[in-house]
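Note that ligands are numbered from 1 as they come in the structure, with each ligand's atoms numbered from 1 the same way. Heavy atoms only: backbone and side chains are in, while hydrogens, waters and symmetry mates are out.
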Amino acid sequence: MATNPSLDPYMTRPKVYLLGRQAVVREELARFLEDEGVVFTTDAEAAAEVLAEIAGRTCYMSFGKGRKSNQEYLDNILTSKHGSVLEHAVWNLLIAGVSRSLTHELVRHRAGFGYSQLSQRYVDEGDARYVVPPLYQQNEALREKWQQTIDHIRTAYVELAEATSQYVQQKHPEMAARDRRKWARQAARSVLPNATETKIFVTGNGRAWRHFLELRGSPHADTEIRMLAVEVCQVLKKESPNIFHDIEVYDEADGMPAVRVTHSKV
Ligand SMILES: Cc1cc2nc3c(=O)[nH]c(=O)nc-3n(C[C@H](O)[C@H](O)[C@H](O)COP(=O)(O)OP(=O)(O)OC[C@H]3O[C@@H](n4cnc5c(N)ncnc54)[C@H](O)[C@@H]3O)c2cc1C
């Protein structure tokens, strides 16, 4: 639902908001190091990178030994495919401006992800926004045809939801207004198109995000989710150069950006 009616009802690119990152509880780290009589210093700034290194070093109690820099340490994790260590690095992203068809693909990524998505039962989709498929963004005539179809469906949805609400009221006069609206929306939403915009809050760990970027940033993926992977890649590379440095955005021959990964599925 567009909470601001002045917004353009048609959206053309995903929006990624980085809402959460981790913090190291320094006093507790110091307490552990003192209890164990070991030393640990790091040149990493991102808590996610520091936590992943600490997690990895816990395996062999290698604090203060071996590889010196965080990048050197995490590089070895990537090349040796000791990917579970990257599960200790976590980011929370709020994603908007994406279609329901994109999120249907996104939520197929199970391991290491948590999702909370806008409900079409509780939220009135009467003034929903719609995501223009990238191909239609390149061709005015097709976009026009697409937009007419969407406008038609939008009107049909509003009329159907209203008629359904009246029917539920007649059939169940005892029902609370809130429940009646929910019943009406849950039936009427069946006519909403895949292009309907949605918002989804996604929490994922470093290993899971890497896998997502590899599969969905590829030229074989659907173009809309590929554009999302490009955005997410840019955000996460900035957040953690050491966990994502072997993953890069490049320009594919088809004229669109894509993501390529050196260390596949760690
Ligand atoms: C280009 C492309 C086309 C696709 N086309 C289709 C399609 O036509 N139809 C369709 O249904 N899906 C399709 N998918 C979705 C795909 O099949 C996966 O569901 C999706 O990419 C998530 O991948 P995943 O299972 O590896 O990820 P996750 O669920 O995040 O799992 C990550 C990894 O954990 C391990 N894992 C997770 N769960 C289990 C388990 N239960 N048992 C054992 N190991 C597990 C696996 O190693 C897995 O790779 C497509 C995906 C892509 C990228």
Taking atom types as modelled, find out whether Arg210 and His263 have a side-chain donor-acceptor pair closer than 3.5 angstrom. no
Return yes when atom CZ of Phe201 has more than 12 non-hydrogen atoms of other residues, nucleotides or ligands closer than 6.0 Å, and no otherwise. yes
Gln22 side chain to Val90 main-chain N or O, any donor-acceptor pair under 3.5 Å? yes
Ranked by distance from atom 41 (N) of ligand 1, the top protein heavy atom is Arg110 NH1, 3.8 Å
Does the protein put a heavy atom less than 4.0 Å from atom 44 (N) of ligand 1? no
Donor-acceptor pair, Ser99 side chain versus Leu102 backbone, under 3.5 Å? yes
Heavy atom of the protein closest to atom 34 (O) of ligand 1 (residue, atom name, distance): Ala111 CB, 4.0 Å
Checking side-chain polar atoms at under 3.5 Å, does Thr198 have a donor or acceptor matched by the opposite partner on Gln117? yes
Rounded to the nearest 0.5 Å, how far does CG of Leu94 lie from CG of Leu19? 5.0 Å
For atom 51 (C) of ligand 1, the option (of Lys265, His220, Arg216) bearing the nearest heavy atom: Arg216
May I ask whether atom 32 (C) of ligand 1 is less than 4.0 Å from at least one protein heavy atom? yes
Any non-hydrogen protein atom below 4.0 Å of atom 3 (C) of ligand 1? no
Trp183 CH2: over 12 foreign heavy atoms closer than 6.0 Å: no
Report the part of Glu105 in contact with ligand 1, treating N, CA, C, O as backbone and CB onward as side chain, heavy atoms under 4.0 Å; options are side chain, backbone, both, neither. neither
Checking heavy-atom distances from atom 53 (C) of ligand 1 to each of Leu215, Asp222, Ile225, the winner is Leu215
With a 4.0 Å cut-off, strictly under, does atom 19 (O) of ligand 1 pick up any protein heavy atom? yes
Just to be sure I'm reading this right: ignoring hydrogens, which of Arg226, Arg108, His104 gets closest to atom 22 (C) of ligand 1? Compare them by their nearest heavy atoms. Arg108
Do Gln71 and Tyr73 have side-chain N/O donor and acceptor atoms under 3.5 Å apart? no
Please report which non-hydrogen protein atom sits nearest to atom 26 (O) of ligand 1, along with the residue it belongs to and the distance in Å to one decimal place. His211 NE2, 2.7 Å
Would a 4.0 Å cut-off, counted as strictly less than, catch a protein heavy atom around atom 7 (C) of ligand 1? no
